[in-house]
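Notes follow once the structure below has been shown.
For reference, positions follow the sequence shown, starting with 1. Note that this is a predicted model, so its numbers are computed, not measured.
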Amino acid sequence: MQETEQPQQGSFVERRLPIRYLYLRTHDDIRAWALTTRRQILIGVAALAGLIWLAIASGGFIFNLISAQRADAQVMQARAASERLNADLQARLESAVARMSASSGGMEQSLDLIERRHAALTLVMQNLNGVEGAAEALAPAPPSTSANPIQRLIAVRMDQERLLDRAETFAQTRGERLRLAFRLAGLNPAAYTPDANQALGGPLIEARDPRALAAILDVDEPFAVRIRYAARSLHNLRNLTQAADTLPFNRPTGSRTTSGFGVRIDPFDGRPAIHEGQDFADGLNTPVYSTAPGVVSFAGVRSGYGNTVEIDHGNGVKTRYAHLNTLGVETGQPVALAQRLGAMGTTGRSTGVHLHYEVWLNGRPQNPARFLRAGDQLVQQD
């Protein structure tokens, strides 16, 4: 590279970045390229933008890694606490059985207590409606086959304690992983978990005093405290699960991804431009599916997008599927998760067969890759 001799005049930028020449010699053929001040500035801006993007991407990766490690640590702490609690409960139950055996009428009292605890557990387990995997994870133990009625009674009471403990652990583990998925998508999990005091109602929430709650449920106070805590955790888990079911965490197609969200070189004019979605490339008429349930707000031709389907998922969330070859839905039609919307094509402003997919939140485009990562996180947890 050779710098030309320039008189010391012109603007400050031109003096700092004078015209330079880049020479390339092949045998006796010599070619030269002039690096003008403007070109040097563009190269510098591009390099700076690349460094900024690298810093942001690295920061996001580190944040996600720390969040995952923190979630795993909390799960391990919850399991350790559960094991200690089970050991303590076993000791207390054995002591209670000893007292029961020495007292006339103890058997009837214990049976009555078990029935009241069962009623309280039924209230808690109502919060598991609609939570996938909850029924299998919290199934009660099979009845004891012991001929000794006292041993059967101990087994039932212990299973009640374990069931409540498993409910708490299940809610904490699944809830934390759901929160991580929301954060990966750039969403605030708290916004999707209404105040339990307003949402639950009934005796589990109205009685803030443990003694009052125990009196309302007609159970012992320690069990009432655990019932209320488990009810809150399970209620929050159900809210997060229902919210996740309405968000576009699924993939619109199994095809390979190409151009991503952000600044890219426009394939038509060769200039930098904002790309507000994620592209998927595949063969003509590859099926395209809805990424969440909702209502078709538009199905037709949009300028630049070609054949397009737009879905309103509620709560300010919308998705767009563009450059389709054919449309399989109509405006106003409700759609379910993974319902076929049309077939991949190259209509509109397109250079080849692909799907252009967008996610919008409250009128602003979001990076679809974040939602795809969140969906992958939920698939891994299941």
Side-chain angles (χ1 to χ4, degrees), residues 41-61 63-64 183-187 247-292 294 296-313 316-325 327 341-376:
I41 292 175
L42 290 177
I43 293 173
V45 170
L48 180 60
L51 289 174
I52 293 175
W53 177 87
L54 180 61
I56 294 175
S58 300
F61 174 78
F63 173 78
N64 294 338
R183 289 192 291 267
L184 287 174
L187 305 174
L247 292 170
F249 287 154
N250 278 51
R251 291 179 175 269
T253 175
S255 308
R256 62 185 178 89
T257 58
T258 52
S259 297
F261 182 89
V263 179
R264 69 167 185 175
I265 300 300
D266 190 281
F268 287 92
D269 57 25
R271 296 180 178 178
I274 299 296
H275 188 240
E276 295 182 340
Q278 176 75 56
D279 289 348
F280 298 83
D282 213 323
L284 185 65
N285 290 327
T286 298
V288 174
Y289 304 99
S290 60
T291 54
V296 178
S297 57
F298 179 85
V301 179
R302 279 204 184 280
S303 176
Y305 289 96
N307 293 331
T308 304
V309 172
E310 297 175 0
I311 300 179
D312 188 345
H313 304 284
V317 180
K318 295 183 178 181
T319 52
R320 175 178 291 165
Y321 314 76
H323 304 312
L324 302 177
N325 190 43
L327 303 178
L341 304 177
M344 195 178 297
T346 184
T347 58
R349 195 170 183 267
S350 170
T351 58
V353 177
H354 73 287
L355 167 69
H356 175 80
Y357 172 64
E358 295 180 0
V359 178
W360 290 71
L361 177 61
N362 297 325
R364 306 185 68 173
Q366 307 294 308
N367 186 351
R370 297 180 66 92
F371 287 81
L372 297 179
R373 286 197 297 269
D376 293 341

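- Residues Tyr321 and Pro252 approach most closely at CE2-CB, 4.0 Å, considering heavy atoms.
- For the atom pair CG of Leu361 and CD of Gln366, the computed distance is 5.0 Å after rounding to the nearest 0.5 Å.
- Minimum interatomic distance between Met344 and Ala281 (heavy atoms only, all atoms of both residues): SD-C, 4.2 Å.
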Item to check | Chi angles and distances behind the side-chain contact (heavy atoms from CB on, under 4.5 Å) call for Phe371, Leu187 | outcome: CA-CA 10 Å; Phe371 287 81; Leu187 305 174; 4.2 Å; yes
Checklist entry - After noting the C-alpha distance and the side-chain angles of Val288 and Val309, does the key distance pass the side-chain contact (heavy atoms from CB on, under 4.5 Å) rule? => result CA-CA 10 Å; Val288 174; Val309 172; over 6 Å; no
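- For Arg370, the side-chain contact (heavy atoms from CB on, under 4.5 Å) partners are Asn367, Arg373, not counting sequence neighbours.
- Atom CD1 of Ile311 is separated from atom OG1 of Thr291 by 6.5 Å, given to the nearest 0.5 angstrom.
- To the nearest 0.5 Å, atoms CG (Asn285) and CG (Leu324) are separated by 10.0 Å.
- Between Tyr305 and Glu310, the side chains place no donor N or O within less than 3.5 Å of an acceptor N or O (distance only, hydrogens not considered).
- How far CG of Asp376 is from CZ of Phe249: 11.0 Å, rounded to the nearest 0.5 Å.
- Taking His313 as the reference, Thr319 meet the side-chain hydrogen bond (donor to acceptor under 3.5 Å, both in side chains) condition, with sequence neighbours excluded.
- Here the CG atom belonging to Leu284 is positioned 13.0 Å from the NE2 atom belonging to His354, to the nearest 0.5 angstrom.
- In this structure, a donor-acceptor pair under 3.5 Å is absent between the side chains of Tyr357 and Thr253.
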Next on the checklist: Go through it in stages, so that I can follow the logic: the residues are Leu355 and Ser255, the test is side-chain contact (heavy atoms from CB on, under 4.5 Å), and I'd like the CA-CA distance, side-chain angles, deciding distance and then a yes or no.
Outcome noted: CA-CA 9 Å; Leu355 167 69; Ser255 308; over 6 Å; no
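- When each of Thr308, Val353, Asn307 is tested with Thr347 by the rule side chain to side chain contact (heavy atoms under 4.5 Å, CB included), just one qualifies, namely Asn307.
- Phe298 contributes atom CZ, which lies 8.5 Å from atom CG of Leu327 (distance to the nearest 0.5 angstrom).
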Checklist entry - What's the verdict on side-chain contact (heavy atoms from CB on, under 4.5 Å) for Lys318 and Asp312, showing C-alpha distance, side-chain angles and the deciding distance? => result CA-CA 5 Å; Lys318 295 183 178 181; Asp312 188 345; 3.9 Å; yes
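- Taking all atoms of both residues into account, the shortest heavy-atom contact from Pro248 to Val359 is CG-CG1, 4.1 Å.
- Paired with His356 under the rule side-chain hydrogen bond (donor to acceptor under 3.5 Å, both in side chains), one option of Glu276, Arg349, His275, Arg320 passes, and it is His275.
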